[in-house]
Amino acid sequence: MICMKDAWAESKRELAEAKSVAVAENREMPPKIDAEVDEVLSRKVGGETDDARLEQLRDAVSDARRLAAIVSAG
């Protein structure tokens with residue numbers, strides 16, 4: 001689980017950096033993507049059980065990586 005927490009922190013940083021670069025370069029993001037980015041960056045990951053937390057961490061990492069790729073590509 002600790003490895004997934006590290007992956008979550010790293011993917012969140014990558015997404016925040018991608019958004020920051022896009023803003024600095026004055027690139028427009030579709031409103032839906034911008035809203036998804038904001039949601040992922042503010043997402044709290046938790047759960048009642050270890051399995052539930054692990055699933056939420058996996059989903060969060062996947063979402064952050066997917067969005068970072070989209071935002072970076074412009």
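As the structure is a prediction and not an experimental result, all values here were calculated from the model.
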> Going hydrophobic residue to hydrophobic residue with side-chain gaps under 4.5 angstrom, can you get from Leu41 over to Leu67?
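Yes, it is one cluster - the side chains of Leu41 and Leu67 are joined through contacts under 4.5 Å.
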
> Return yes if some donor-acceptor pair links the side-chain N/O of Arg66 with the main-chain N/O of Val61 below 3.5 Å, else return no.
no

> Could you tell me the separation between the CG atom of Asp59 and the CZ atom of Arg43, rounded to the nearest 0.5 Å?
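So the CG of Asp59 and the CZ of Arg43 are separated by 7.0 Å.
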
> With rounding to the nearest 0.5 angstrom, report the CE to CD distance, Met29 to Glu36.
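Here the rounded value is 11.0 Å.
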
> Hey, are Arg65 and Glu10 close enough for a salt bridge, meaning a charged N less than 4.0 Å from a carboxylate O?
no

> Nearest heavy-atom pair of Val40 and Ala60: which atoms, and what distance?
CG1-O, 4.5 Å

> Arg53 side chain to Gly47 main-chain N or O, any donor-acceptor pair under 3.5 Å?
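Yes; at least one donor-acceptor contact below 3.5 Å.
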
> For the side chain of Gln56 and the backbone of Val45, is there at least one donor-acceptor N/O pair under 3.5 Å apart?
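No, Gln56 side chain to Val45 backbone: no donor-acceptor pair under 3.5 Å.
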
> I'd like to know whether CD of Glu25 has more than 12 heavy-atom contacts from other residues, nucleotides or ligands below 6.0 angstrom.
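It does: Glu25 CD has more than 12 such atoms within range.
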
> So Asp6 and Cys3, do their side chains get closer than 4.5 Å, heavy atoms only?
no

> Would Glu17 and Arg13 pass as an ion pair if we require N to O under 4.0 Å?
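Salt bridge between Glu17 and Arg13, a charged N being under 4.0 Å from a carboxylate O: no.
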
> How many angstroms lie between atom CZ of Arg58 and atom CH2 of Trp8, to the nearest 0.5 angstrom?
15.0 Å

> Under the 3.5 angstrom rule, does the side chain of Ser42 hit a backbone N or O of Asp38 as a donor-acceptor pair?
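Yes; judged by distance alone, with no hydrogens or angles, the pair exists.
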
> For Val37, which of Asp63, Ile70, Leu15 qualifies under side chain to side chain contact (heavy atoms under 4.5 Å, CB included)?
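Running side chain to side chain contact (heavy atoms under 4.5 Å, CB included) over Asp63, Ile70, Leu15 with Val37 returns exactly one hit, Leu15.
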
